[in-house]
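Below, chain A is the first sequence line, B the second, and so on; all start at residue 1. In this text the structure is predicted, and so the values were computed from the model without any measurement.
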Amino acid sequence: MPAIASSFFDRPAAEVAPELLGYQLALGSTAGCIVETEAYAPDDAASHSFSGPTRRNRAMFGPPGHAYVYRSYGLHWCVNVVCAPGHAVLIRALQPLTGLEIMRQRRGTTLDRALCSGPGKLTQALAITDQHDGQRFVERAGFADGADFDDLRLIAPILPTTNLQQGRRIGISRAIDLPWRWGIAGSPWLSKKF
DNA sequence: AAATTGATCCGCT
DNA sequence: GCGGATCAATTTG
């Protein structure tokens, strides 16, 4: 179960973030298509890496292609894909594809639109927690390909995704003008319209 | 339709 | 002690 080529991720997050749209994010028997991302960088006042490495953000300075998972507002987990040192891409929304019934149970809703339409929602739907912080992503679609049940998985789309939309990031109070949020244009699975 | 609030934790000053 | 890369329920216009 090879980790994904580190060269793909060892770049600024603002380059990687739009390219991750269309990838599938999977864990266990659940998976969804990434439809919304945000980039964070070390010289970016809104980024957890802005003030250098700490215990919480150490994964952001670790190997590219690994996960940075942090707790948000005391309640939610949010997952990032680590890029170049201090760079990371926050996964903000998925189109649910696999394991919808488990997701509905975990989320406590039957409204599919509400399963993965936000960074805290999708981690709950896929059961991503701090136990995945610092863990690598593997490039396998399922366990039959040799991945462990607990491996975070990313699956590249057949063709690069086009029809993107770009705008300002959500829920931050610093560096609010950077256009570092990307989404699949018109997708009904976004956390918020552009 | 938009604004407000409560839940609840951790990192940093 | 304060505020945050959030969410959902409630209140208000």
Length of the line joining Tyr73(A):OH and dC2(C):C1', which is rounded to integer Å = 13 Å

Could you state the atom-to-atom distance from CD of Glu36(A) to P of dT6(C) in whole Å?
-> 10 Å

Check: Tyr70(A) side chain, dA5(C) base, donor-acceptor under 3.5 Å = yes

Going from CG on Leu164(A) to OG1 on Thr37(A), what distance comes out if it is rounded to the nearest 0.5 angstrom?
-> 8.5 Å

When you get a sec, tell me which of dT8(B), dC7(C), dC10(B) is the closest nucleotide to the side chain of His76(A)?
-> dC7(C)

Answer with base, sugar-phosphate or nothing: what part of the nucleic acid does Asn57(A) contact at a heavy-atom distance below 4.0 Å?
-> nothing

Rounded off to whole Å, could you give me the CD1-to-C1' distance for the Ile170(A) and dT6(C) pair?
-> 11 Å

Arg92(A) near the nucleic acid: base, sugar-phosphate alone, or nothing, with a heavy-atom cut-off under 4.0 Å?
-> sugar-phosphate

Spacing between Leu75(A) atom CG and dA9(C) atom P, to the nearest angstrom = 14 Å

Could you check how far CD1 of Ile172(A) sits from C1' of dG3(C), rounded to whole Å?
-> 15 Å

With sugar-phosphate meaning primed atoms plus P, OP1 and OP2, does Arg107(A) contact a base, only sugar-phosphate, or nothing at under 4.0 Å between heavy atoms?
-> sugar-phosphate

Using atom CE of Met60(A) as one end and atom P of dA5(C) as the other, report the distance to the nearest whole Å.
-> 11 Å

Partners meeting side chain to side chain contact (heavy atoms under 4.5 Å, CB included) with Arg113(A) (sequence neighbours left out) = Leu111(A), Pro188(A), Trp189(A)

Thr54(A) side-chain N/O to dC12(B) phosphate OP1/OP2 under 4.0 Å | yes

In whole angstrom, give the distance that lies between atom CG of Asp133(A) and atom P of dC9(B).
-> 18 Å

Proximal nucleotide (of dC9(B), dA5(C), dT8(B)) relative to the Arg71(A) side chain | dC9(B)

Checking all strands, does Ser173(A) fall into the base, sugar-phosphate, or nothing category for heavy-atom contacts under 4.0 angstrom?
-> sugar-phosphate

Hey, is the main chain of Pro179(A) close enough, under 3.5 Å, to the side chain of Gln166(A) for a donor-acceptor pair?
-> yes

Under a 4.5 Å cut-off applied to non-hydrogen side-chain atoms, are Asn80(A) and Met60(A) in contact?
-> no

If only side-chain N and O atoms of Arg174(A) are considered, is one of them under 4.0 Å from the OP1 or OP2 phosphate oxygen of dG4(C)?
-> no

Pairs under 3.5 Å (Watson-Crick or G-U), crossing ones as [ ], inter-strand ones as |: DNA chain B comes out as |||||||.||||.

Assign Leu90(A) to base, sugar-phosphate, or nothing according to its heavy-atom contacts below 4.0 angstrom with the strands shown.
-> base

With rounding to whole Å, what would you report as the distance between dC10(B) and dA8(C) at their C1' atoms?
-> 22 Å

Take atom CD of Gln124(A) and atom P of dA8(C), then tell me their distance rounded to the nearest Å.
-> 8 Å

Pick base, sugar-phosphate or nothing for Gly74(A), based on heavy-atom distances below 4.0 Å to the nucleic acid.
-> base

Distance-only polar pair, side chains of Asn57(A) and Thr54(A), donor-acceptor under 3.5 Å = yes

Can Arg106(A) and Gln124(A) be counted as having a side-chain donor-acceptor contact under 3.5 angstrom?
-> no

Can a side chain N or O of Arg56(A) be found less than 4.0 Å away from OP1 or OP2 on dC9(B)?
-> no

Quick one: is dA5(C) close enough that its OP1 or OP2 comes under 4.0 Å of any side-chain N or O from Ser47(A)?
-> no

Would you tell me whether Thr110(A) and Arg104(A) have side-chain atoms, one donor and one acceptor, within less than 3.5 Å of each other?
-> no

Do the side chains of Trp77(A) and His132(A) get nearer than 4.5 Å, heavy atoms only?
-> no

